[in-house]
Amino acid sequence: MGTKAVDALEISFEDMPMYLRAKHSVYMDVNGASYYLTDVNDRYWRAQDTSRKNEKGHYVDCSELVPTVGEFLDIPFVDGKSLKEVFDDATFYASEKLEDE
């Protein structure tokens, strides 16, 4: 898990699938909540709630695991809405890797 960049990304919905495939993760702030959108070993996609951590200190999943980015854009995890539905109200931030990761 990377750290949330300070500056917001300028990204369109159409560019999001390519961005996720290339970068593997992004932070999303929407409606007062923050989510970490990421892949799992480059095979599945999920959203995680950054306000909650498990016993290992990792963010807690708040979406199903799905095998494609296309499916990921359509699964509801933001108060019953999908990334596609909340995209225009969301702000995205790069996930920056620390030097020792």
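We count residues from 1, following the sequence as given. Note that the coordinates shown come from a computational prediction; the quantities given were computed from them, not determined experimentally.
- Within 6.0 Å of atom CD in Glu64, 12 or fewer heavy atoms from other residues, nucleotides or ligands are found, so the atom counts as exposed in its surroundings.
- Checking side-chain atoms of Asp61 against main-chain N and O of Ser63 turns up no donor-acceptor pair under 3.5 Å.
- Aromatic ring centres of Phe87 and Phe92 lie closer together than 6.0 Å.
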Exercise. What do the steps show when you test Ser82 against Phe77 for side chain to side chain contact (heavy atoms under 4.5 Å, CB included), and what is the final call?
Worked result: CA-CA 6 Å; Ser82 68; Phe77 65 91; over 6 Å; no

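- Going from atom NE2 of His24 over to atom NZ of Lys97 covers 8.5 Å, rounded to the nearest 0.5 Å.
- Taking OG1 of Thr3 as the reference point, atom CD of Glu96 lies at 5.0 Å (rounded to 0.5 Å).
- By the rule that hydrophobic residues join a cluster once side-chain heavy atoms approach within less than 4.5 Å of another member, Tyr19 and Phe72 end up as members of one cluster.
- Residues satisfying the side-chain hydrogen bond (donor to acceptor under 3.5 Å, both in side chains) criterion with Tyr59, sequence neighbours excluded, are Tyr27.
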For this session: Report the C-alpha separation of Asp39 and Leu20 in whole Å, then their side-chain angles, then the decisive distance to 0.1 Å, and conclude whether the side chain to side chain contact (heavy atoms under 4.5 Å, CB included) test is met.
Result: CA-CA 8 Å; Asp39 67 4; Leu20 287 171; over 6 Å; no

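- Atom NZ of Lys23 sits about 12.5 Å away from atom CE of Met16, to the nearest 0.5 Å.
- In plain terms, the two heavy atoms of Cys62 and Asp49 that are nearest each other are SG-N, 3.8 Å.
- Closest heavy-atom contact between Lys53 and Val60: C-CG2, 3.7 Å.
- Here Asp29 contributes atom CG and Asp89 contributes atom CG; the two are 12.5 Å apart, rounded to the nearest 0.5 Å.
- Checked by atom type and distance alone, the side chain of Asn31 never pairs as donor or acceptor with a backbone atom of Ala33 at under 3.5 Å.
- Atoms CG and CE, on Leu83 and Met28 in that order, are 5.0 Å from each other to the nearest 0.5 Å.
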For this session: Applying side chain to side chain contact (heavy atoms under 4.5 Å, CB included), run through Tyr35 and Val30 and close with a yes or a no.
Result: CA-CA 8 Å; Tyr35 301 93; Val30 65; 3.9 Å; yes

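- The same ILVMFWY cluster, assembled from side-chain heavy atoms under 4.5 Å apart, contains both Val66 and Val26.
- Contact check for Pro17 versus Leu73: side-chain heavy atoms found under the 4.5 Å cut-off.
- Residue Leu37 is not grouped with residue Met18 when hydrophobic side chains (ILVMFWY) are merged at heavy-atom distances under 4.5 angstrom, including chains of intermediate members.
- Nearest heavy-atom pair across Lys81 and Val86 is CB-CG1, 3.8 Å.
- Both Trp45 and Ile75 are part of a single hydrophobic cluster, where members link through side-chain heavy atoms under 4.5 Å apart.
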For this session: Please report the C-alpha distance between Ser34 and Lys4 in whole Å, then the side-chain angles of each, then the deciding distance to 0.1 Å, and finally whether the side chain to side chain contact (heavy atoms under 4.5 Å, CB included) criterion is met.
Result: CA-CA 10 Å; Ser34 184; Lys4 184 177 175 181; 3.9 Å; yes

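- Heavy-atom minimum distance, Pro67 versus Glu71: CG-OE2, 3.3 Å.
- Here the closest non-hydrogen pair linking Ala8 and Thr91 is CB-CG2, 3.6 Å.
- In the hydrophobic clustering of this structure, Tyr36 does not group with Ile11; members are Ile, Leu, Val, Met, Phe, Trp, Tyr whose side-chain heavy atoms approach within less than 4.5 Å, directly or through other members.
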